[in-house]
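Quick note: residue numbers are just sequence positions, from 1.
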Amino acid sequence: YGNLTTTFSVGDTHHQLRVTAESLVTKVGGDRGHLLSPLLSDAVAQLRRRETQEELAAVEYQMESPLAPRGAAFARFAEGVLLPDRSLLEGTEALMGLIHREFEYDPVATTVSTPVAEVLDGRRGVCQDFAHLMIACLRSHGVPARYVSGYLVPRPGIVGAQASHAWVSAYCPGIGWIDFDPTNNVMPSHWHITLAWGRDFEDVSPFKGVTIGGGHHTVSVSVRITT
């Protein structure tokens, strides 16, 4: 998916493995201002034609993935805001607001393996859940959407700082990929630091691997962002 990755292996017996990643980030751009987008129905029709390489690449994100499937329940939940005769970006922003209003941020309500259908029924979860739900809704209406993993610069009123954060990017023909953060009901700008993107969380886990051997093990993760 175009993400930078680093791989390594440790062949010797060991009792502890510590991985530290440090990055110096310079954010440029940010607010893209008011964007005029096509109607949702026109955008979906344009994507069917796949006239550009970018549109062809975006089609992959229309398809369901293991953690962000398409389905009638997701389509119904979003049908009041993702209207065919409404601007695609306006409808997507309204969907973001709908999820923010209807769902409660609850760190103990779900786990990384909770299906998004259960999140829809339970109306609570964390940023990963809300991102998967929004992606499932967009895909169920024919809109390409991808999962974005990253971090937030700490500031008052923002949920998800000093930890891994997740949000959504939707593809709009003629404009490109536009980000939406349903957890905080904002369109990401220079406060969001993108680490990677993919179809869902499984594609962009910040750290993953395989251990071989016996014994009990625990994993501890921490994030620190300074400005």
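The minimum heavy-atom distance linking Cys127 with Ala166 is given by the pair SG-N, 3.6 Å. Between Pro107 and Val126, the shortest heavy-atom contact is CA-CG1, 3.5 Å. Taking every heavy atom of both residues into account, Thr194 and Trp167 meet most closely at OG1-CZ2, 3.5 Å. Shortest non-hydrogen contact noted between Thr92 and Leu82 is N-CD2, 3.9 Å. The two residues Glu79 and Leu83 have their closest heavy-atom pair at O-CD2, 3.1 Å. Counting all heavy atoms, side chain and backbone alike, Leu39 lies closest to Ser87 at CD2-N, 3.9 Å.
No donor-acceptor distance shorter than 3.5 angstrom exists from the side chain of Asn184 to the backbone of Ile158, with no hydrogens or angles considered. The closest donor-acceptor contact from the side chain of Glu55 to the backbone of Glu51 lies under 3.5 Å. Using modelled atom types, no side-chain atom of Ser23 and backbone atom of Val25 make a donor-acceptor pair closer than 3.5 Å. A side-chain donor-acceptor contact under 3.5 Å links Asp203 to the backbone of Arg199. For the pair Arg139 (side chain) and Pro144 (backbone), a donor-acceptor distance under 3.5 Å is absent. In this structure, His141 contributes its side chain and Ala75 its backbone to a donor-acceptor pair below 3.5 Å. Of the possible donor and acceptor atoms, one in the side chain of Glu64 sits under 3.5 Å from a partner among the backbone N and O of Arg70. Judged by distance alone, with hydrogens and angles left aside, the side-chain atoms of Asn3 form a donor-acceptor pair with the main-chain N or O of Trp197 at under 3.5 Å. Put simply, the side chain of Lys208 gets close to the backbone of Glu202: a donor and an acceptor are under 3.5 Å apart. Counting only distance, with no hydrogens or angles, the side chain of Ser140 and the backbone of Gly71 share a donor-acceptor pair below 3.5 Å.
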Verdict with reasoning, His132 to Phe201, per ring pair (Phe, Tyr, Trp, His ring centres under 6.0 Å) = CA-CA 8 Å; His132 283 146; Phe201 174 75; 7.1 Å; no

Full working for side chain to side chain contact (heavy atoms under 4.5 Å, CB included) between Val108 and Asp106 = CA-CA 6 Å; Val108 300; Asp106 184 349; 3.1 Å; yes

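Hydrophobic clustering of Ile, Leu, Val, Met, Phe, Trp and Tyr side chains at less than 4.5 Å, counting indirect connections, keeps Ile193 apart from Val168. Put simply, Tyr151 and Phe130 are part of two different groups of oily side chains (I, L, V, M, F, W, Y) that touch within less than 4.5 Å, one to the next. By the rule that hydrophobic residues join a cluster once side-chain heavy atoms approach within less than 4.5 Å of another member, Leu195 and Val223 end up as members of one cluster. The hydrophobic cluster containing Met134 also contains Tyr105, counting ILVMFWY residues as joined when their side-chain heavy atoms lie under 4.5 angstrom apart, directly or transitively.
A salt bridge links Glu104 to Arg124: one of the charged nitrogens lies within less than 4.0 Å of a carboxylate oxygen.
Tested against Tyr171 for a side chain to side chain donor-acceptor pair (under 3.5 Å), the candidates Arg146, Gln62, Glu54 yield a single pass: Glu54.
For the pair Arg86 and Val81, the minimum side-chain heavy-atom distance is below 4.5 Å. Here the side chains of Thr110 and Glu118 are not in contact, with every heavy-atom distance at 4.5 Å or above. A 4.5 Å side-chain heavy-atom check between Leu152 and Trp191 finds every atom pair outside the cut-off. Between Val44 and Leu40, some side-chain heavy-atom pair lies under the 4.5 Å cut-off.
One distance of note links CZ of Phe180 with CG of Leu95; it measures 9.0 Å at 0.5 Å rounding. Going from atom OG of Ser41 over to atom CG of Leu88 covers 10.0 Å, rounded to the nearest 0.5 Å. Rounded to the nearest 0.5 Å, atoms CG (Leu120) and SG (Cys137) are 7.0 Å apart. Between Leu138 atom CG and Phe74 atom CZ the span is 12.0 Å, to the nearest 0.5 Å. Taking OG of Ser65 as the reference point, atom CD1 of Ile135 lies at 7.0 Å (rounded to 0.5 Å). Rounded to the nearest 0.5 angstrom, Asp179 CG and Met96 CE are separated by 10.5 Å.
With sequence neighbours excluded, the residues forming a side-chain contact (heavy atoms from CB on, under 4.5 Å) with Pro66 are Asp200, listed by chain and number. With sequence neighbours excluded, no residue forms a side-chain contact (heavy atoms from CB on, under 4.5 Å) with Pro156.
Between Trp177 and Tyr61, the angle of the ring planes goes over 60°, which puts this pair in the perpendicular group of the 30/60° scheme. Classification of the His165-His192 ring pair by plane angle, with boundaries at 30° and 60°, yields tilted.
Within a 6.0 Å radius of CZ in Arg224, no more than 12 heavy atoms belonging to other residues, nucleotides or ligands are found.
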